[in-house]
Trainee: 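Below is one structure. I have some questions about it.
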Amino acid sequence: MLKKGNKLYSILTGACPKCHQESMYVKKNPYLLSETLKMHERCSHCKTKYKIEPSFFYGSMYVSYGVGIVFAFAAFIISYGVFESSRNTAFISIVLTMIISLPIILRLSRNIWINMFMSYDKKLLESIKN
Ligand SMILES: [Zn+2]
């Protein structure tokens, strides 16, 4: 289902949005907190510059708001809906989910943000091979 060439692939794996050949991030694990947002400057395959303009990724903050709501809502549904916990417990589970999944939310937002401006480019990949 999740194949290279699909936007979702780049969003979920953090792969280069143009060629999907390698990760944009220096460290694959988002929970190495000092390295969570460290990115390569360019893709070593297709030379795409990730930071299109200075402070490009500030825009991903708008995305992270939406992604955060999705995570919070999922936590609420699971604790309140599935486990039938009290409202206070549901609230605590939302807060914990937000804290624990923060590195994932940050990266997902960046991936979604950059994929709004760049798309997979099959021709680019073929031109590199030749
Ligand atoms: Zn690339």
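Just so we're clear, the structure is a prediction, and the values are computed from it rather than from any experiment. Both ligands and their constituent atoms are indexed starting at 1 by order of listing.
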Trainee: Do Ile100 and Phe76 belong to the same hydrophobic cluster, where Ile, Leu, Val, Met, Phe, Trp and Tyr are linked whenever their side-chain heavy atoms lie under 4.5 Å apart, directly or via other members?
Mentor: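 Yes; tracing contacts between hydrophobic side chains, which count when under 4.5 Å, links both residues.
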
Trainee: What pairs of donor and acceptor atoms, side-chain ones from residues 10-21 against any protein atom, are under 3.5 angstrom apart with sequence neighbours left out?
Mentor:
from, atom 1, to, atom 2, distance (Å)
Ser10, OG, Ala15, O, 2.8
Ser10, OG, Asn115, ND2, 2.9
Thr13, OG1, Tyr9, O, 2.5
Thr13, OG1, Ala15, N, 3.4
His20, ND1, Gly5, N, 2.9
Gln21, NE2, Cys19, O, 3.2

Trainee: Taking the Zn ion (ligand 1) as the centre, count the protein N/O/S atoms lying under 2.8 Å from it.
Mentor: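 Number of qualifying protein atoms: 4.
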
Trainee: Of the non-hydrogen atoms in Thr97 and Ala75, which two are nearest, and what is the gap between them?
Mentor: OG1-CB, 3.3 Å

Trainee: What residues form a ring pair (Phe, Tyr, Trp, His ring centres under 6.0 Å) with Phe117, not counting sequence neighbours?
Mentor: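 With sequence neighbours excluded, Phe117 shows a ring pair (Phe, Tyr, Trp, His ring centres under 6.0 Å) to Phe56, Trp113, given in chain and number order.
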
Trainee: Report the residues that fulfil ring pair (Phe, Tyr, Trp, His ring centres under 6.0 Å) with Tyr25, sequence neighbours left out, ordered by chain and then residue number.
Mentor: none

Trainee: Can you see which heavy atom on Glu35 is nearest to which on Lys27, and at what distance?
Mentor: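 Looking at all heavy atoms of both residues, the closest pair is OE1-CG, 3.7 Å.
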
